[in-house]
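Contents: one structure, followed by commentary.
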Number of protein chains: 2
Amino acid sequence: MNIGEASGRSGLPAKTIRYYEDIGLIRPDRSDNGYRDYSSDDVHKLRFLHRSRSLGFSVDECRQLLALYEDKSRASADVKEIATSKLTEIDRKIRELTELRRTLEHLVHACHGNERPDCPILEELSEG
Amino acid sequence: MNIGEASGRSGLPAKTIRYYEDIGLIRPDRSDNGYRDYSSDDVHKLRFLHRSRSLGFSVDECRQLLALYEDKSRASADVKEIATSKLTEIDRKIRELTELRRTLEHLVHACHGNERPDCPILEELSEG
DNA sequence: CTTGACCTTCCAGCGACGGGAAGGTTCATA
DNA sequence: TATGAACCTTCCCGTCGCTGGAAGGTCAAG
């Protein structure tokens with residue numbers, strides 16, 4: 001099938017699919033007219049990539065996951081390790097954002113938000 | 001003072017300070033030798049930028065905040081609006097990450113993480 | 001007089017695409 | 001059969017917020 005259909009079936013934009021080919025993630029056949037020709041297995045991998053990306057894995061992590069996926073003799077521990085370290089990373093991000101949120105909410109709360117120029121937010125940014 | 005000292009006092013790398021000048025955020029004087037020459041007011045603004053950035057504001061939002069900071073007749077409501085919309089955005093990010101975290105944790109929990117090849121994580125990525 | 005720590009400009013790259021130009025292919029319709 | 005739309009191709013540039021490095025100028029100390 002052409003890239004448009006592969007895009008429709010995988011949920012990935014055609015641009016992204018071409019990009020994934022550029023960086024060596026997936027290599028479809030070519031038809032005689034030069035068009036990319038995707039098999040249903042290719043689409044399967046594209047969906048795998050789509051899902052992995054949306055779960056927060058970097059493209060490089062997706063590359064590892066895909067390699068493990070294709071390696072029928074892999075140990076599940078190898079996959080779990082990647083996922084676990086991703087989980088730790090997500091936890092860290094959530095903590096950082098929560099801390100940031102607290103500070104910002106404190107500032108927003110302190111600011112009158114009226115027509116007068118005095119503003120605790122700017123004061124804090126200026127002095128903090 | 002030279003850029004090195006401004007860097008030390010503001011906490012921003014010299015590279016970043018030059019970049020901020022490139023994009024028109026802050027324009028220091030120049031000494032006769034062509035070196036940038038920062039006033040203590042400049043350093044104040046650099047610290048303002050540093051703090052705003054670390055609070056999650058984009059460079060463009062920082063530009064707005066800095067303009068408001070320098071406009072002595074601004075209304076605090078204008079600042080509050082920027083901060084509030086940032087807060088909303090942060091909330092959204094936290095929600096997304098939390099959702100993602102839940103899914104990922106579920107997967108990690110389901111995976112044995114042993115030497116055998118069967119792996120619920122890959123299965124889910126493949127089918128989800 | 002040299003060394004080393006500064007400073008300058010410019011150019012390139014990161015991640016993960018997206019936009020758009022310029023052109024080839026295919027298919028349906030007038 | 002012509003033509004126009006809807007595909008497809010490659011290529012290059014732009015995004016955001018820096019960061020690294022090369023090539024070279026300046027300055028203070030020994």
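As the structure is a prediction and not an experimental result, all values here were calculated from the model.
- Looking at residues 12-24 of chain A, you'll see A:Lys15, A:Arg18 sit with a heavy atom under 4.0 Å from some atom of DNA chain D.
- The heavy-atom pair separating B:His112 from A:Lys80 by the smallest distance is O-NZ, 3.9 Å.
- Each of C:dC6, D:dC8, C:dA16 was ranked by its minimum atom distance to the side chain of B:Tyr35; first place goes to C:dC6.
- Taking atom CZ of residue B:Phe57 and atom C1' of nucleotide D:dC16, one finds them 18 Å apart after rounding to whole Å.
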Intermediate values then yes/no, side-chain hydrogen bond (donor to acceptor under 3.5 Å, both in side chains), A:Asp42 and A:Ser39: CA-CA 5 Å; A:Asp42 288 332; A:Ser39 68; 3.2 Å; yes
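- Minimum atom distance to the side chain of A:Asn2 is reached by D:dC8, of the listed D:dT26, D:dC8, D:dC18.
- We find that CE of B:Met1 is positioned 12 Å from P of C:dC7, with the value rounded to whole Å.
- Under 4.0 Å is where a charged nitrogen must lie from a carboxylate oxygen, and between A:Arg95 and A:Glu99 no such pair does.
- As a whole-Å value, the separation of A:Asp37 CG from C:dT26 P is 13 Å.
- Salt bridge status for B:Glu21 with B:Arg18: absent, with no side-chain N to carboxylate O gap under 4.0 Å.
- As a whole-Å value, the separation of B:Leu49 CG from D:dC16 C1' is 16 Å.
- A:Lys93 has no carboxylate O lying under 4.0 Å from a charged side-chain N of A:Glu96, or vice versa, which leaves the two without a salt bridge.
- To the nearest angstrom, P of D:dC16 lies 13 Å from CG of B:Leu25.
- Whole-Å rounding puts the A:Asp29 CG to D:dC8 P distance at 16 Å.
- Contact annotation: the side chain of A:Val43 approaches that of A:Met1 to within less than 4.5 Å [non-hydrogen atoms, C-beta and beyond].
- The separation between A:Ile3 atom CD1 and C:dG24 atom P is 20 Å, rounded to whole Å.
- Within the structure, every side-chain polar atom (N or O) of A:Arg36 is placed at least 4.0 Å from both OP1 and OP2 of D:dC8.
- The distance from atom CG of B:Leu46 to atom P of D:dG17 is 17 Å, rounded to the nearest whole Å.
- Between A:Gly4 and B:Asp60, the residue anchored nearer the 5' end of DNA chain D, judged by the nucleotide with its closest heavy atom, is A:Gly4.
- Taking only side-chain nitrogens and oxygens, A:Asn33 never comes nearer than 4.0 Å to OP1 or OP2 of D:dT9.
- Regarding contacts with the backbone of D:dC16, every side-chain N or O of B:Arg53 stays at 4.0 angstrom or more from both OP1 and OP2.
- Atoms CG and CG, on A:Leu100 and B:Leu87 in that order, are 9.5 Å from each other to the nearest 0.5 Å.
- Contact between the side-chain N/O atoms of A:Arg30 and the OP1/OP2 oxygens of D:dC8 is not found at any separation under 4.0 Å.
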